[in-house]
Amino acid sequence: MSATHSPTATPSHGHDFDLFVIGGGSAGVRTARVAANHGAKVGIAEARFWGGTCVNVGCVPKKLMVQAAEYGAWARDGAAFGWSFGEARHDWPTLVRARDMEVARLSGIYRRLLEGVGAEVFECHARLIGPHEIQVGARKVTAERIVIATGGHPIRPDFPGAEHAFISDDLFTLQERPKRVLMVGGGYIGLEFASLLHGLGSEVTLAYRQPLPLRGFDEEIRQAAAEALTADGITILAGESPAEITLNGETRIVRMTSGRVVEADAVFLALGRVPNTGGLGLEAAGVTSLDGPVVRTDENHATNVPHIYAIGDVNDRVNLTPMATAVGHALADTLFGTRPRHASYENVPKAVFIAPPIGSVGLTEEEAARLGPVEIFTSRFTPMRHTITRREGRRALMKLVVDAESGVLLGAHMIGEDSPEIMQGIAVAVANRLTKAQLDTTIGIHPTAAEEFVTMRVATRHVGKAAKAA
């Protein structure tokens, strides 16, 4: 337990703190920082690591490993442009050291930011022991308001031999790269880990229960993602999952539900995450708005106990880091600032960092078609770089979903190089309900892939209720 210095704010209503935050990830740290800047006396506890999943075992180290994998492909591509680099070899320990140094740096920044605004920092487990009371390590404190922001943890399913498999967090503790990998899971994590490990030199098999990966994404993008991963050299087992894992020395022998047997040096179970709500003492505080481990909240992120809030992955709405920080900021502004506000859960842009990556915002074609007549604009092409490299699986797909009556942009989706960077800009148009006509007035930057979003003039098809024949 440690505290840097006492804040100048005086807590109200006789409590030790105006606000106590349990959880030092993206949501919790942003809430605590903004509240303290508004003059609140703030305490925050984190038992594992500052910055939470994203900084330590999620977005940041994963993206660094994705970038590491890209260099090998670029080196191979260079030959088509006249470059000669000799034999490309990757040194895993060098990557691990560089990655972990950056993670440690960022985690330290999160803590220092809290100290800088005068929040009292506790490095220990915290649990509720009453509506306003928190047991923080060996100390008992009280707070007028409490925020639960404890994030989530990976699921480990129960089947014979599951203990011989890794969960997603374990990727960031491996000291050697496994040569043969079975990645189980068709969501963000499964696809990203399969792609980056393959890019770094592993032989990867990817298995998922659905016919296509990335449930909830646009169907056309899902199909293109499966095709791209296959073209890149990843073996896909659709409609399959492990039934049993046994050991033969260091080799994992995996019997799949289809009866197929897969041998691997490492098996990763990337089957989703659940909220970290066990051991928090929610019942002791009177919080009963629970759906299993999920804390249900109202539109203001309050539980059934009005002064206790839950934000980020624990309320299982949109489990993305930028969403968590936006909600935390808005909540702190509402509780302690001068402008109450909400962070919208609509039109949240997202990315999947496979090779090539996916960017997406707004409604999918399937979602929009259920609401009314929709125009679909698509463009499928080989990016300029790969007209030279001839690398398989690098065709780009860009897609706009447009309300046929108003012309408003309902969604935008892309798979292709730089798609997350491109989608961040397109998300501004979708979030602000710009029309396709307004997009068309924008001059493209040539030659780029991004210009396709402002040059698609003829609808590919019309779908949805009362849709006209294309």
Side-chain angles (χ1 to χ4, degrees), residues 9 11-46 52 54 114 117 119 126-134 141-152 274-277 280-350 431-432:
S12 57
H13 298 91
H15 294 298
D16 298 314
F17 297 98
D18 295 312
L19 174 69
F20 198 93
V21 179
I22 303 178
S26 301
V29 169
R30 179 64 65 89
T31 307
R33 285 179 54 207
V34 175
N37 275 325
H38 284 311
K41 183 173 183 181
V42 176
I44 181 170
E46 170 55 46
C54 180
L114 290 164
V117 295
R127 62 183 174 88
L128 301 172
I129 54 176
H132 290 276
E133 297 80 37
I134 309 106
V141 301
T142 64
E144 181 184 359
R145 295 184 176 97
I146 298 167
V147 169
I148 307 298
T150 47
V274 294
N276 285 326
T277 49
L280 283 180
L282 295 171
E283 297 83 357
V287 176
T288 58
S289 53
L290 300 172
D291 181 5
V294 178
V295 184
R296 296 300 181 197
T297 59
D298 63 17
E299 66 277 7
N300 298 312
H301 295 92
T303 67
N304 63 288
V305 180
H307 66 272
I308 299 179
Y309 303 82
I311 62 175
D313 289 4
V314 293
N315 66 19
D316 195 31
R317 294 190 185 181
V318 176
N319 297 340
L320 296 171
T321 296
M323 190 74 246
T325 56
V327 168
H329 199 137
L331 180 61
D333 282 346
T334 299
L335 297 179
F336 300 104
T338 58
R339 56 185 191 104
R341 63 189 185 88
H342 290 88
S344 175
Y345 284 96
E346 295 183 358
N347 295 320
V348 177
K350 53 194 175 184
N432 287 279

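What you see is a predicted model; the values in this text were computed from it and never measured. Position 1 is the first residue of the sequence; numbering continues from there.
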- So, for Val42 and Ala32, which heavy atoms are closest and what is the spacing to 0.1 Å? CG1-CB, 3.7 Å
- Query: Would you call Arg145 and Asp18 a side-chain contact if the rule is heavy atoms closer than 4.5 Å?
  - Reply: no
- Item | Set of residues satisfying side chain to side chain donor-acceptor pair (under 3.5 Å) with respect to Asp298, sequence neighbours excluded | none
- Message: Going by side chain to side chain contact (heavy atoms under 4.5 Å, CB included), name the residues that satisfy it together with Ala143, two or more places apart in sequence or in a different chain.
- Response: Phe17, Phe20, Ile134, Ile146
- Which pairs pass salt bridge (charged side-chain N to carboxylate O under 4.0 Å, His left out) with one or both residues in residues 309-322, sequence neighbours excluded? none
- Between Thr303 and the options Leu290, Thr288, Thr297, the side chain to side chain contact (heavy atoms under 4.5 Å, CB included) test singles out Thr297
- Message: Can you list everything that forms a salt bridge (charged side-chain N to carboxylate O under 4.0 Å, His left out) with Arg296? Sequence neighbours excluded, please.
- Response: Asp291
- Item | Non-neighbouring partners of His132 that pass ring pair (Phe, Tyr, Trp, His ring centres under 6.0 Å), sequence neighbours left out | His15, His307
- Just jot down the side chain to side chain donor-acceptor pair (under 3.5 Å) partners of Asn276, sequence neighbours excluded, or say none. His153
- Mind checking what makes side chain to side chain contact (heavy atoms under 4.5 Å, CB included) contact with His329, not counting sequence neighbours? Arg30, Val34, Asp333, Arg341
- Item | Donor-acceptor contact below 3.5 Å, side chain Asn304 vs main chain Gly286 | yes
- Message: So, taking the atom named NE2 in His342 and the one named CG in Asn300, what distance separates them when rounded to the nearest 0.5 Å?
- Response: 4.0 Å
- Task: Return the set of residues passing side chain to side chain donor-acceptor pair (under 3.5 Å) with Thr334 (not counting sequence neighbours), or none when no residue passes.
- Result: none
- Query: How far does NE2 of His301 sit from CG of Leu335, to the nearest 0.5 angstrom?
  - Reply: 11.5 Å
- Query: Residues two or more places apart in sequence or in another chain: which of them pass side chain to side chain contact (heavy atoms under 4.5 Å, CB included) with Pro293?
  - Reply: Val274, Pro275, Thr277
- Query: If you look at every heavy atom in Ala35 and Leu19, which pair is closest and at what distance?
  - Reply: CB-CD2, 3.6 Å
- Is the backbone N or O of Asp16 less than 3.5 Å from a side-chain atom of Thr142, with the two atoms forming a donor-acceptor pair by type? yes
- Below 4.5 Å, heavy atoms only, C-beta onward: do Ile148 and Leu282 meet side chain to side chain? yes
- Note on the structure: Heavy atoms of Gly28 and Val21 approach each other most closely as CA-CG1, 3.6 Å
- Query: Taking Asn315 for the side chain and Val295 for the main chain, is one N or O donor matched with an acceptor at less than 3.5 Å?
  - Reply: no
- Message: Could you work out, with side chain to side chain contact (heavy atoms under 4.5 Å, CB included) as the rule, every residue matching Val318, not counting sequence neighbours?
- Response: Leu320, Met323, Tyr345, Val348
- Task: Determine the minimum heavy-atom distance between Ile308 and Ala285, stating which atoms define it.
- Result: CD1-CB, 3.8 Å
- Item | Considering all heavy atoms, the nearest Ala324-Gly312 contact | CB-CA, 4.1 Å
- Message: Would you compute the distance between atom CZ of Arg127 and atom CD1 of Ile22 and round it to the nearest 0.5 angstrom?
- Response: 10.5 Å
